[in-house]
Structure formats: C-alpha cells, structure tokens
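Note on naming: letters A, B, ... go to the chains in the order of the sequence lines (proteins, then strands), and numbering restarts at 1 for each one.
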2 protein chains.
Amino acid sequence: MDVKEAVEISKCLSNKTRMQIMEWLREPEKNFPPHVSIDHFDDGVCATYIFEKSRLSQSTISNYLTSMEKCGLLVMTRHGKWSYFKRNEAIITEFAKYLL
Amino acid sequence: MDVKEAVEISKCLSNKTRMQIMEWLREPEKNFPPHVSIDHFDDGVCATYIFEKSRLSQSTISNYLTSMEKCGLLVMTRHGKWSYFKRNEAIITEFAKYLL
DNA sequence: TACACATATCGATAATTGTCGATATTTGCA
DNA sequence: TGCAAATATCGACAATTATCGATATGTGTA
C-alpha cells in the first residue's frame, strides 16, 4: 500500500456515518434484518438497509458506498436489482499494517 | 476507542503530508538530520525539521502538528525553544485494532 | 534588557467535502 | 411492454478544510 491509497482510505473513514458503516458491516446479522431475497450475509448487506439505518438521503449513501468501494474498503456484489456491500478485510488489514 | 476519536484520527490521516509525517517519524534517524541541541531521537523530531522537509509553510505545519497531537497521533515534548514530536504508538495500535 | 530564533495564532481566500432533491438508469415482474 | 423498486448520477449550495502571509508569543543568550 502506498501513501496515496492510504490517504484515500483515510478520507473515507474521516466521516462518522462512513466509519459506522464499517462497524455495522463487521457484524451484519446483529445490525441488519435478514434480506427478503437472500437468507445469508455472505455478500454483505443490501444498500437499502444501510441507507435506512443511516438516516441520511439515498443519494448520499449511494455516494458513500461508491466511494468506499472505489478506495477498496468495501466489496460490492449485485444480485438482481440489489447491491450488496461487505467489508474488504484484506485491505483493512493491509491499511492497519501500513500505519504501524 | 470510540467512533468520534477514530474519525478525528482519520481526518488527520486523510492528507498526504500528514500521512507522510507519520511515516517519517517511524524512522527519525533515516529521515532527519541529528538535531543541534539533542543527540538522540527519544522525543522525536524538532518541528523545524519537519517543516523544512514538508515544503509547506511554517504555519501550515504548525497547525498540522497541533491537530495531530490533539487527536493523539503524536506526542509533543518541549525542550527549551524547540518542540519535538514523536509517534504515539499506543494510539496507533489502538486505532488499527479498532478498524479490524 | 534586547535581540534572534522557534513556534503558535489570526484572518483571508481557494479548494474540497457534505448533503440534498430531482432525475436518470437498471432490473424484475405483472 | 410498462410499471415499480433499487440504485446511480447530476446540479446546487452550505460547511469544512487547506494553505498562506502576517503577526504574536515564548524562550535562550549576548
């Protein structure tokens, strides 16, 4: 990981809601209801649930999730009309090591 | 560590120069000359050296260092008219764990 | 005490980010 | 095929951050 990458990740984390999303996604079962169409959390959580929990607007959360995926913090998987997001543990570990 | 604290730390890290300062201070002997008045790096590096290496203005670096100390990333020690800054490894570790 | 050097603070302005509502796009289903 | 739900994008404006030069404050020394 280089400085630029680490700075982009830090930018994503430098906002309360985005930081909380990272926390929420650490334990999806505890923070979100089971999804209508899928009975597991293997691909994370549906964007709508994150949007509802956040209490911010849909467009804001869509932007957040996109930027978090762009910097590598999240992985997105599409299932039909739903987008699922989960933590990218590999890059989180890499980032943590980079700081030490 | 709580969300608020982690977000403040992230804000400090979300800037290239500040991120580099964290790197530079990981190995002071490799990145800075020995200081005129002290022959060790036990308390870190003199603010002037950081300012010179950064190529930003003195006021900007002074602000950076102050905010980095305020959020806990750096520890400042005064020796006469000089301020020395070093990494606060404890909080960095705590932050890294918080993310995982 | 007065000067010189190190650092901090102030005030300004440019640049970036936060956040929204409106609208566009994608996709499944009646 | 056409509507409805999920998500993405756009354009706008407010809020925050970046960064500077000027100046103030603190501190050691001639």
Side-chain angles (χ1 to χ4, degrees), chain A residues 3-4 6-22 25 32-38 41 43-71 73-86, chain B residues 3-4 7-22 25 32-38 43-71 73-86:
Chain A
V3 190
K4 201 176 173 184
V7 166
E8 287 310 305
I9 289 175
S10 299
K11 281 183 186 171
C12 272
L13 296 174
S14 69
N15 169 286
K16 190 182 173 188
T17 303
R18 289 193 299 262
M19 182 67 87
Q20 285 177 318
I21 290 173
M22 292 304 290
L25 292 180
F32 299 96
H35 195 253
V36 262
S37 77
I38 293 188
F41 288 100
D43 294 318
V45 175
C46 166
T48 298
Y49 287 175
I50 300 174
F51 149 55
E52 284 168 353
K53 193 176 176 85
S54 76
R55 304 223 161 229
L56 291 178
S57 76
Q58 184 268 327
S59 65
T60 296
I61 293 302
S62 178
N63 270 328
Y64 281 9
L65 294 174
T66 301
S67 68
M68 292 169 84
E69 195 213 357
K70 201 163 289 174
C71 79
L73 278 173
L74 298 182
V75 176
M76 184 186 87
T77 311
R78 262 221 167 227
H79 285 280
K81 60 180 169 178
W82 292 282
S83 305
Y84 292 76
F85 291 88
K86 69 173 171 183
Chain B
V3 190
K4 201 177 173 185
V7 167
E8 288 310 306
I9 289 175
S10 299
K11 281 183 187 171
C12 272
L13 296 174
S14 68
N15 170 285
K16 190 182 174 189
T17 303
R18 288 193 298 261
M19 182 67 88
Q20 286 177 316
I21 290 173
M22 291 305 290
L25 291 181
F32 299 95
H35 196 253
V36 261
S37 76
I38 294 189
D43 294 318
V45 174
C46 167
T48 298
Y49 287 175
I50 300 174
F51 149 55
E52 283 168 354
K53 193 176 176 85
S54 75
R55 304 224 165 227
L56 291 178
S57 75
Q58 183 268 327
S59 64
T60 297
I61 293 303
S62 177
N63 270 329
Y64 282 8
L65 294 174
T66 301
S67 67
M68 292 170 84
E69 196 212 357
K70 202 162 286 173
C71 79
L73 277 174
L74 298 183
V75 176
M76 183 187 87
T77 309
R78 262 219 167 230
H79 286 279
K81 59 181 172 179
W82 291 283
S83 305
Y84 292 77
F85 291 87
K86 68 172 172 183

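Taking only side-chain atoms of Tyr64(B), from C-beta outward, the nucleotide of dA8(D), dT19(C), dT19(D) with the closest atom is dT19(D). Side-chain proximity of Lys81(B) to dA6(C), dC10(D), dT7(D): nearest is dA6(C). Side chain of Ser57(B), nearest nucleotide from dC20(D), dA6(C), dT7(D): dC20(D). The side chain of Lys11(A) has dT17(C) as its nearest neighbour among dT7(D), dT17(C), dT19(C). Distance from the side chain of Asn63(B) is smallest to dC20(D) among dT7(D), dC10(D), dC20(D). Here the nucleotide nearest the side chain of Ser83(A), chosen from dG21(D), dT17(C), dA8(D), is dA8(D).
Put simply, Ser59(A) has no side-chain N or O that comes within less than 4.0 Å of OP1 or OP2 on dG21(C). For Thr60(A), no side-chain nitrogen or oxygen approaches OP1 or OP2 of dT19(C) to under 4.0 Å. For dA6(D), neither phosphate oxygen OP1 nor OP2 lies less than 4.0 angstrom from any side-chain nitrogen or oxygen of Thr48(A). For dA18(D), the OP1/OP2 oxygens have a side-chain nitrogen or oxygen of Arg18(B) closer than 4.0 Å.
Residue Leu56(A) is in sugar-phosphate contact alone, with no base atom involved, counting any heavy-atom pair closer than 4.0 Å across all strands shown.
With rounding to whole Å, Gln58(B) atom CD is found 17 Å from dA18(D) atom P.
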